[in-house]
Number of protein chains: 2
Amino acid sequence: VEPVVAVSWSPDGRAVRIIDQRALPDQYVERDVSTVNEIRDCIRTLAVRGAPAIGVFAAMGIACVMQQHAELPREEFDHVLDASAERVRASRPTARNLGWAIDRLLAGARATSGDALGAAHVLRRTAEAIRAEDRDMCQRIGEHALTVLPNDAHVLTLCNTGALATAGIGTALAPLYLAHARGQRLHVYVCETRPLLQGSRLTAWELGRAGIPLTLLVDGAAPALLRSQRVDCILVGADRIAANGDVANKIGTYGLALSARHHGVPFYVAAPSSTIDGATASGGAIPIEQRDPNEVRAFRGASAAPADADAFNPAFDVTPQALISAIVTDRAVHRPPYDFSSVAA
Amino acid sequence: VEPVVAVSWSPDGRAVRIIDQRALPDQYVERDVSTVNEIRDCIRTLAVRGAPAIGVFAAMGIACVMQQHAELPREEFDHVLDASAERVRASRPTARNLGWAIDRLLAGARATSGDALGAAHVLRRTAEAIRAEDRDMCQRIGEHALTVLPNDAHVLTLCNTGALATAGIGTALAPLYLAHARGQRLHVYVCETRPLLQGSRLTAWELGRAGIPLTLLVDGAAPALLRSQRVDCILVGADRIAANGDVANKIGTYGLALSARHHGVPFYVAAPSSTIDGATASGGAIPIEQRDPNEVRAFRGASAAPADADAFNPAFDVTPQALISAIVTDRAVHRPPYDFSSVAA
């Protein structure tokens with residue numbers, strides 16, 4: 001079974017076709033997106049999520065939007081491009097790849113003189129390159145991460161860092177796809193990942209579809225599982241990696257890292273090098289998105305709390321580099337002390 | 001506002017009246033229970049939950065059941081009593097108070113000679129004593145725990161350890177009710193407590209009803225909250241306390257204790273002395289209930305995962321005594337090294 005493709009061009013090339021991840025696992029819905037409002041809405045409501053997939057989707061989406069303006073005078077085209085890019089960039093603050101992909105897209109267009117049609121072609125080619133490179137990066141992350149994975153690995157993971165989160169086979173799930181394809185035994189423990197349950201809804205769905213054995217657990221059960229000595233290592237993704245190796249990732253990651261340290265379980269982060277933010281010295285400077293309290297008070301329409309209850313709902317937390325055994329990128333397995341000066345994109 | 005009464009006698013005294021906690025916070029439903037099957041069902045499905053409330057409910061419920069058999073010859077009455085007691089005892093394995101309350105109920109009846117009617121009266125008086133003592137114990141736990149609570153306390157808690165979990169004002173929530181009644185400022189951070197959401201459904205409901213300020217969070221967000229230095233202490237309950245001070249409590253407690261230790265936040269357990277199991281040397285010997293995987297795969301009826309996904313669903317975990325700053329009972333604030341030899345019931 002080939003992993004799913006989370007983001008692709010629509011058949012006529014005028015839109016980006018996505019799997020609407022809000023509907024999984026109950027329904028498999030594809031959606032074609034071709035306006036800035038739709039792109040923003042898909043990113044903010046997590047129809048498309050996962051830092052690499054967001055970057056790829058933003059670039060492809062903006063390219064589609066600008067195709068519609070290819071008849072404009074170049075100066076107007078550039079204005080629309082800048083405004084569109086900034087609106088998409090603002091849709092989620094924490095993921096590093098989003099800003100990285102947009103910067104790269106804009107740089108490509110700016111380096112192109114001539115009319116809007118030519119600039120629009122450059123945007124599309126750049127977006128396609130970002131997509132293809134993300135796919136390749138996933139493969140390389142998987143190969144590097146395989147080197148730290150034991151045989152018959154029992155791996156604990158959080159959130160979704162697989163095909164649904166990237167343009168390829170994922171980041172933290174990439175080595176698991178490769179190990180499975182090579183006939184290695186493995187077992188994946190999947191934290192459900194409240195509030196939006198990307199673990200139980202998405203990771204369980206895509207691993208199950210690929211025939212990889214898995215066991216779900218509520219997030220609070222992870223320390224008890226680690227204590228039972230059934231877990232060889234923890235593998236998670238990253239939304240942004242600071243220059244010192246501090247990692248912003250899905251809320252709950254920090255607690256997993258603390259438990260892993262206590263139990264002597266290796267804790268690995270896997271992410272494309274575009275996740276590294278050389279301009280951010282340490283985790284304290286990473287902006288953390290606070291999301292709607294309703295995500296905590298309910299799930300898919302089922303109320304879980306009094307409707308007026310206050311809620312603390314950060315989408316991410318920061319794991320200090322001292323708790324991370326290694327950071328695996330498409331370039332290398334980085335060990336502490338972390339030095340990304342030759343890697344950061 | 002007086003705290004709610006989770007368990008009481010029905011007006012005609014022939015049944016136990018409970019608040020059906022499965023329906024909260026959407027609906028407030030009372031139910032009258034008077035058969036062994038109903039008692040077992042209520043305990044197993046968590047219509048009545050919280051270790052102290054389960055013990056009180058079991059004792060009162062068995063007393064009601066046996067009232068219906070008060071015309072039997074004494075020997076037959078005793079057979080029915082033993083069989084009923086064992087069926088109720090087996091409904092949940094981890095909570096210490098359940099077995100404790102049943103043992104006490106049986107001892108009262110066994111010490112009574114004479115006919116079944118007399119024995120039935122003793123059962124009712126014993127059950128009523130267990131209820132009244134639980135209420136008093138809550139008050140005393142609250143007063144002892146108040147001594148460890150700072151002014152303007154910001155407290156993190158898990159699950160529900162309040163009026164809904166006891167016959168009184170709770171265990172870990174008891175000092176918060178007392179502080180609030182005395183006009184002290186406080187703020188309670190409530191972990192939602194997946195899978196069954198006793199934090200967001202029950203604790204948020206009962207604290208909100210009492211006018212105590214609270215903020216909900218998903219369980220995975222607690223370590224990030226502790227890191228923010230907004231929490232003065234963690235207060236949780238206990239389902240069973242081993243002789244060495246190891247504590248079995250709601251799944252997720254152990255992770256909170258690890259995070260608290262890392263951040264230098266005091267971690268307190270509050271429970272009636274009937275929770276202490278002197279016959280169990282340490283936490284490793286406490287039986288841990290594994291519950292239905294469907295609790296993890298769904299969220300109040302909304303599916304959260306592929307229907308065939310395997311799930312690890314222990315209801316409790318064990319926190320080693322080394323991570324516990326103090327255990328507060330109705331008798332005292334116990335500090336390590338724990339010695340309950342004069343306290344255990």
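Throughout, protein chains are lettered first and strands after them, A, B, ... in sequence-line order, and every chain is numbered starting at 1.
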Inset, instruction - With a 4.5 angstrom heavy-atom cut-off, could you sort out which part of A/Pro25 is near chain B: side chain, backbone, both or neither? - result: side chain
Inset, instruction - Rounded to the nearest 0.5 Å, what's the gap from CZ on B/Arg261 to NE2 on A/His262? Could you check? - result: 9.0 Å
Inset, instruction - Check B/Ala224 against A/Tyr254 and note the closest heavy-atom contact, atom names and distance. - result: N-CD2, 4.0 Å
Inset, instruction - Would you please go through residues 225-236 of chain B and name the residues with a non-hydrogen atom below 4.5 Å from one of chain A, in numerical order? - result: B/Leu225, B/Arg227, B/Arg230
Would you give me the side-chain donor-acceptor pairs under 3.5 Å for residues 306-313 of chain A, sequence neighbours excluded?
unit_1: A/Asp310; atom_1: OD2; unit_2: B/Thr215; atom_2: OG1; d: 2.7
unit_1: A/Asn313; atom_1: ND2; unit_2: A/Asp292; atom_2: O; d: 2.9
unit_1: A/Asn313; atom_1: ND2; unit_2: A/Glu295; atom_2: OE1; d: 3.0

Legend entry - Proximal component of B/Leu217, with respect to chain A [non-hydrogen, under 4.5 Å]: both
Legend entry - Gap between atom OG of A/Ser200 and atom CZ of B/Arg297 - 0.5 Å precision: 11.5 Å
Legend entry - Neighbourhood of chain A inside residues 201-210 of chain B, taking heavy atoms under 4.5 Å as contact: B/Arg201, B/Ala204, B/Trp205
Inset, instruction - Could you tell me which of A/Val296, A/Thr319, A/Asp317 has the largest number of non-hydrogen atom pairs under 4.5 Å with chain B? - result: A/Val296
Legend entry - Heavy-atom pairs under 4.5 Å with chain A, option from B/Ser259, B/Pro223, B/Ala222, B/Pro213 with the top count: B/Pro223
Inset, instruction - Could you tell me which non-hydrogen atom of B/Ile251 sits nearest to which non-hydrogen atom of A/Gly220, and how far apart they are? - result: CG1-O, 3.9 Å
Legend entry - Those residues of residues 190-198 of chain A, ordered by number, that approach chain B below 4.5 Å (heavy atom to heavy atom): A/Glu192, A/Arg194, A/Pro195, A/Leu197
Inset, instruction - Select, from A/Ala302, A/Gly301, A/Gly199, the one with the greatest count of heavy-atom pairs under 4.5 Å involving chain B. - result: A/Ala302
Legend entry - Heavy-atom pair with the smallest gap, counting every atom of B/Ser303 and A/Arg300: O-NH1, 3.5 Å
Inset, instruction - Flag the one option from A/Leu258, A/Ile288, A/Thr253, A/Asp219 with the top tally of heavy-atom pairs under 4.5 Å to chain B. - result: A/Leu258
